[in-house]
K.L.:
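Starting off with a structure, shown below.
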Amino acid sequence: MRPGGVIRYIESKLRLKIIAWSFIPTAIILFLVALTVYLAYQQTARDLILKRDEELTRLTASQVSTVFEDFIDRLNSLARMPGIVAADPDSIQLALESFSRQVIFYDAGVYVLNNLGIVTGAKPEWPGLVGKDWSSRAFFTEMVRTPSLVITDVERFNLNGDQVIVIATPIFGANDEFKGVVCGMFRLDPKAISPFYGALIKMRIGRNGDAYLVDGNGLVVYATDTSMTGRRYPDKAIAGQVLNGGTGVFVSRNDQGASIVTGYAPVPRTHWTLILQEDWNTLAKSGSLYREFLWLLLLLGLGIPTLVVMVGVKRITGPINDFIEAANRIANGDFTHRIKVETGDELEELAGQFNQMAARLDELYDTLEMRVRQRTSELTAVNAIAAVVSGSLDLDTILPNALKKTMEVMGMEGGGVHLLDPANNMLTLAAHQGISDAMVNMIKKMPLDYSIIREVVEAKKPVARLVENYPPGFVRDTLLKEGWVVVVSIPLLAQERVLGAMNIASRDPTPPRLEDLAVPATIGQQIGVALDNVHLYQQTLEYARQAEQARQVAEAARAQAEAANAAKSDFLANVSHELRTPLVSIFGFARIIQKRLTERIFPLLPSDEGKVQRAESQVEENLEIILSEGQRLMSLINNLLDFEKNESGKMDWHPRPVDMGEILKHAAASTGGMFEGKPLSLAVDAPENLPIITGDPDRLRQVLINLVSNAVKFTPRGTIRVSAAHKGDEVVVAVADEGIGIAPEDQARVFEKFSQVGDPLTSKPKGTGLGLAISRQIIDRHGGRIWLESTPGRGSTFYFSLPVADAHATDPTIRLNTVAQGESK
């Protein structure tokens, strides 16, 4: 599609979207609003009427408050008269006489009280009134609390019993001290000639209904029905609702059942409340035109948006097309195109911002191209130096080449690389180029404090200095003598450690800019990493040499250990064989002698001689000792042979499915003789439903016999309990005794070979210490584990667990052989 077609397509789509986004929702909203307003018309009209009535009541109450303005001004003028302020009764009376034209506005009279509430003047004059104490009157007590204007509720005038309303204003002296009160009174009688009621009547309060002006005590001050004046407001429920100092409106029904609207509002500067009541139908009649206006508004709401959208779409899409064209040109690299929009709105402002953006992009593009070229040159140099430092681990090759490349990048003519010895803060020249022999001899080895490098070590960033700014000394003099003007020192960093510095110098008086030092900083880090790599490489070589020496020593030691182990195995096998052969003979001949003595010799001896009987008994005991010790020696030899076979991997294994319950019963039968003649008993708990395991039954029986035999040795009396249980995927066997127990510090070594717990100085060894070691080897070969729990003085419990046989395994021999091979490895 051609560009013009694209723009027309976008424009058409945009127009449709604007119509869809503005006109159609507007029409729908207007329709829904009209429908909602029509359906809710009654409620809306009600709310408007109530709101209007409430506001009208509030404004009318404010107007009622203005009625008092003229009366208040007259009283204030009287209160400021010198005669009144003087507080002298004669002066007060003269002031009242001179104020007589103003007094006639108050049909119940004007009265002056001093600061104690005593009447000091009255107009008209009432016999005996002057000197009366009015300090308890409500207006005076309120005035004493706050000396300001007071308009009272209805109260009785104690001279003639009339109901009156009092307006009181304070009298202040020259220093604003409270000196008394001037009060004017109106009779509560709208039929009398009273300026107060005349002003209320002129206001035409309640001309469309009933109006009540009610004081704070609920007495009617004024009503359209004059007969109500001075009485209680008739509707107690309404009175309780409105006489609270607030403003509001509500709908209720009158005695005839008609709906009325009652509005109420407080009269400012009084405790009074204005109540206006109007017929609802009269108020609602004014809203009959609202429905017709609503339909007219709906029609206008549909027509006007249509015209506005058509004109607005054209006004918006035109500049947008210009924006699209300009954006396409910028996307194609043309930053010179500008937009001209004269709409006088945000689009014109946006066009101005767009033109500024295009101009800024044009500038940035030129700057970017320049910086890219500069950065590319710098990166090329950095890559070249990186290739130099990464191409070798020889400092004699790395440092001269890196120095040469850095001088080329910085455009400088001479330099050197110093390595720092942090132990004594000495600098050693490791490479140099372009400097004289005198300079080389001078900086070949020097303290850190004599060089610009000290500042680099502290700042850890490149530093450029003019030679003329160097501190006076031989370094500055030598540099100036050879014509060097600028020196740049670059730290060689590795992991935030300064390993040295590269100093390069130039005879050009133009010092490098701050941003020009970014590339040297990167170069210094690369060289520093190379120095660190060389150091690590040298350490690695040293570690490798030491490791090789250690390996050779270990290999020799292992060979010696294997030879010793082989000699030990041969020795044990030969000794065991040599011991077993005569021991079998001794054991056999001892049994023959015992049998012949018992069957043939002892019966021939006289049974009534004590010496003969004692000799016979001693011979029998000695023969039993020979047989018992021979049996124990045979067991020790067998244990030695078994342990050696197991360690050398020569022991024969015959794995098959095994029922541990049967193993427990066989082991109990085999060890029954150990309990004869001893205060010991054996209890076996072998459940019938134990799962099958895979193992060598003879070896497992040997483990149980070893554990039971061990328990018998260390249990003087009590019960030895052998039990088995299925826990998870294991069968756990326990041998518990009530013997002497094992101390916590000895428990870790009871399974070690040739280890026996207890004090070897106070207790006699009871075996070779191989029984538990052999038991652990057998259980480990079966893929299980063995452990103990013991409390000294309360006995020990030895446990071993064996994995339940895999139901899917077809050859149990393979499983045990696999375990044995893994253990031997």
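Numbers here are sequence positions counted from 1.
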K.L.:
Take R545 and E542 through the salt bridge (Lys or Arg N to Asp or Glu O under 4.0 Å) test and state the conclusion after the steps.
P.N.:
CA-CA 5 Å; R545 184 185 63 79; E542 180 62 21; 2.3 Å; yes
K.L.:
Do E789 and T797 have side-chain N/O donor and acceptor atoms under 3.5 Å apart?
P.N.:
no
K.L.:
Shortest non-hydrogen contact from V467 to V486?
P.N.:
CG2-N, 4.1 Å
K.L.:
Can you measure from OG1 (T478) to CG (N441) and round to the nearest 0.5 angstrom?
P.N.:
11.0 Å
K.L.:
Below 30° counts as parallel, above 60° as perpendicular, anything between as tilted: where do the rings of H782 and W653 land?
P.N.:
perpendicular
K.L.:
Does R476 use its side chain to pair, donor to acceptor, with the backbone of Y470 at less than 3.5 Å?
P.N.:
yes
K.L.:
Is E482 paired with R507 through a side-chain N to carboxylate O contact shorter than 4.0 Å?
P.N.:
no
K.L.:
Using every non-hydrogen atom in the two residues, find where L429 and G416 come nearest and quote the distance to one decimal.
P.N.:
CD1-CA, 4.1 Å
K.L.:
Give, for atom CZ of F800 and atom CH2 of W787, the distance between the pair rounded to the nearest 0.5 Å.
P.N.:
9.5 Å
K.L.:
Would you name the heavy atoms of A805 and T694 that are closest together and state the gap between them?
P.N.:
CB-OG1, 3.4 Å
K.L.:
Hey, is R551 close enough to E548 for a salt bridge, meaning N to O under 4.0 Å?
P.N.:
yes
K.L.:
Using the side-chain contact (heavy atoms from CB on, under 4.5 Å) rule, pick out the option among M412, Q433, M502 that qualifies with T406.
P.N.:
M502
K.L.:
Would you compute the distance between atom OG of S775 and atom CD of Q702 and round it to the nearest 0.5 angstrom?
P.N.:
7.0 Å
K.L.:
Measure the spacing between OH of Y799 and CD1 of I786 and express it to the nearest 0.5 Å.
P.N.:
12.5 Å
K.L.:
Return the minimal non-hydrogen interatomic distance between I490 and N503, and the atom names on each side.
P.N.:
N-OD1, 4.5 Å
K.L.:
Is L420 close to L492 at the side-chain level, that is, under 4.5 Å between some pair of heavy atoms?
P.N.:
no
K.L.:
Within the distance-only criterion (no hydrogens, no angle test), does the side chain of H726 pair as donor or acceptor with the backbone N or O of G728 below 3.5 angstrom?
P.N.:
yes
K.L.:
Give the C-alpha distance, both sets of side-chain angles, the deciding distance and a yes or no for side chain to side chain contact (heavy atoms under 4.5 Å, CB included) between M439 and L479.
P.N.:
CA-CA 8 Å; M439 178 68 72; L479 289 171; 3.4 Å; yes
K.L.:
Between CD of Q747 and CD1 of I742, what distance do you get to the nearest 0.5 Å?
P.N.:
6.5 Å
K.L.:
What's the spacing between L707 CG and S796 OG if we round to 0.5 Å?
P.N.:
11.5 Å
K.L.:
Kindly give the heavy-atom pair with the smallest separation between A501 and S489, and that separation in Å.
P.N.:
CB-OG, 3.9 Å
K.L.:
In sequence, state the C-alpha distance, the side-chain angles, and the governing distance for I527 and L399, and then conclude on side chain to side chain contact (heavy atoms under 4.5 Å, CB included).
P.N.:
CA-CA 8 Å; I527 299 175; L399 296 181; 4.0 Å; yes
K.L.:
Assess the residue pair L493 and L499 against the criterion (side chain to side chain contact (heavy atoms under 4.5 Å, CB included)); give the C-alpha distance rounded to whole Å, side-chain angles, the decisive distance to 0.1 Å, and a yes or no.
P.N.:
CA-CA 6 Å; L493 291 173; L499 305 180; over 6 Å; no
